[in-house]
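Structure record follows, encoded as structure tokens.
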Amino acid sequence: MIQVFDTLASAKRELVLQESGRCGVYCCGPTVYDLSHVGNARAALVPDVIVRFLRQQGLQVKYVRNITDIDDKIIARGQADGVPAAEVAARFADEYHRDMAALGMLEPDVEPRVSGHLEPIIALITTLVGRGLAYAAQGDVYYRVAAFADYGKLGKRKPEELLEGAGSRVEVDTRKESPLDFALWKAAKPGEPAWDSPWGPGRPGWHIECSAMCGAHLGETFDIHCGGRDLIFPHHENEIAQSQGAFGPGTFAQYWVHNGFIDFAGEKMSKSLGNFFTTREVLALHDAETVRYFLLTVHYRSGLNFDVRVDCPECGAAMGREAQDQGVCPACGATPGPEALRTRVRFPGLEEAEDRLAYVYTTLAGARKLLAEAGAASPAPATSPGALLQAFCEHMRNDFNTGGALGTLSRPLADINGLLSAGKGVDKAARLAAVAAFVADMEQVAAILGCFGAEPGVWLRRRRDRRAAQMRLDLARVEELLTARREARAAKDWGRADAIRDEMSALGLTVNDGPEGSTWDFA
RNA sequence: GGCGGCAUAGCCAAGUGGCUAAGGCGACGGUCUGCAAAACCGUUAUCCCCGGUUCGAGUCCGGGUGCCGCCUCCA
């Protein structure tokens, strides 16, 4: 049994599919008017992992994630840049794909765009008008909220209460029958992109596209609908009004899954507040798996703190937010410009996550090595899920609790590391079997998370090279030092060996002496 | 103002009324080591406050307090 927290029910519900063995998932994708930020990455990752898990559990999943390529913000961006809106949309859709690919996201099975769905959108609006749930007014078409009894159910709002607040913050459009009514179709103003419709040239309103595209690709009724919390009201509320208005009660999404926000300095990270980090900025410093792991350490419905640390380029002291804004280091009085500060941005949470990834990959590397050395004597890989995978999946079945699931890995990882270093007193066959089971289970875990699936040596080398480049580390020099230290140790010249270690320490490195020689890592 | 959410160790964090409240980071002991490091072992929690329901509450209910979000574009 898989339980899913459904926003509409405000409770966890057992996942009962429309059609046994098959699951339809719709994710409200991006409006492509700018580069994606970490919040967008999280919103994409949540359905990504849900889909991966459901597939790992043997379900046939159809994953649909749309692209909103007709929108006021896109038009505004086009006007600001002096570029046609369609060009803005095409460009940022490409950028989005680049970011998602870089983050290791599954490609959706279908990625519908508004611009390719004008027909179903117009058909849906026509149906709503025909059923008295929408009305045309001077080239616009509005949804008649008062005609839909369940309006407000998802967002837990009452129309009367909404009416009290309406008009105080937004000027009331006189063409609407009620301030609550929302646009299904917007008449084109001069210079705006427009499509023909029964109501004249114009473009779809924001909400109608999702109703139309869900219908086109998942049918009138489907299983899971994902999106950020902020979309609950009014976006998803309006989708329900549109779709159930057209197709009838009980249709449309059966489970509403909403992810929490990423917070930055205790506040919501958002473009409108200008306090966001783009996916690209983050990926410049950290591996995709690190970002995924970091985002998955917390339950998807919770807020997630995205800590940012900036050290003074002069003295290295941490500069708080105020100091950053003022551009003055409180410790040494230096006045680094925004550019200089930008180069010193660090993400402590991601650094911790990366170290954890390195630990897991190091363990995997050791496990694989042991199995390879055992060669033909290695036991057949486990055919049934081991204890590790079962414990992991138990948490995943509980509303995709990735944080709890990740916690179950700690004990097995420590045990395997213990087995890898312990030589005597352990039954050889039992040891091999345990390690083989671990590797087999971790492959499934990797399939679910999109982490830990790389070739361990490759991942570790990539991490080393990236960090070395960031530190402008001379790898050849490091190897020289390491060789020198090996020689000094072989000659039991401890003074020299320690001096070399100090030198490496000054470079920001640590030395690990093992039975098979010395290796180094970042401090 | 209306609605919703959250509050668990120094920090992050899981916890679907029931045996000793996961896990990570940090810190402190120990094993290993020439010394270290890594790895492993161990230690580190009157679950925001007050009341209630219950044989039993971190978990359910009521009331505080404090943060956050939505109500306008937002992932």
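In what follows, chains are A, B, ... by sequence order, proteins preceding strands, each numbered from 1. These values consider heavy atoms only, across backbone and side chains, with no hydrogens, waters or symmetry-generated copies.
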Kindly give the atom pairs (protein nitrogen or oxygen, nucleotide nitrogen or oxygen) under 3.5 Å for nucleotides 17-20 of chain B.
none

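- Exactly one residue among A/F277, A/F306, A/F276 makes a ring pair (Phe, Tyr, Trp, His ring centres under 6.0 Å) with A/F264. That residue is A/F277.
- Both key distances under 3.5 Å define a Watson-Crick or G-U pair, and stretches of 3 or more such consecutive pairs in RNA chain B run B:1-7 with B:65-71, B:10-12 with B:23-25, B:26-31 with B:39-44, B:48-52 with B:60-64.
- When the side-chain nitrogen and oxygen atoms of A/W206 are compared with OP1 and OP2 of B/C74, one or more of them lie within a distance under 4.0 Å.
- Pairs passing the salt bridge (Lys or Arg N to Asp or Glu O under 4.0 Å) check and including a residue from residues 496-509 of chain A, sequence neighbours excluded, read A/R477-A/E503, A/D498-A/R501.
- A search for salt bridge (charged side-chain N to carboxylate O under 4.0 Å, His left out) contacts involving A/E487 returns nothing, not counting sequence neighbours.
- Rounded to whole Å, atom C1' of B/G2 lies 10 Å from atom NZ of A/K158.
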Where do N or O atoms of nucleotides 8-11 of chain B meet protein N or O atoms at under 3.5 Å, pair by pair?
none

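- Looking at residues two or more places apart in sequence or on another chain, you find a side-chain contact (heavy atoms from CB on, under 4.5 Å) between A/D287 and A/E289, A/T290, A/W459, A/R462, A/R466.
- Residues meeting the side-chain contact (heavy atoms from CB on, under 4.5 Å) test with A/S302, sequence neighbours left out: A/V298, A/H299.
- Partners of A/D48 by side chain to side chain donor-acceptor pair (under 3.5 Å), not counting sequence neighbours, listed by chain and number: A/R52, A/R292.
- Residues of residues 346-359 of chain A that place a heavy atom closer than 4.0 Å to RNA chain B, in numerical order, are A/E352, A/R356, A/Y359.
- Shown for residues 231-240 of chain A: residues whose heavy atoms fall under 4.0 angstrom of RNA chain B, namely A/L231, A/F233.
- Within residues 256-263 of chain A, the residues that place at least one heavy atom under 4.0 Å from RNA chain B are, in residue-number order, A/N259, A/G260, A/F261, A/I262.
- The stretch residues 293-303 of chain A participates, sequence neighbours left out, in these salt bridge (Lys or Arg N to Asp or Glu O under 4.0 Å) pairs: A/R301-A/D399.
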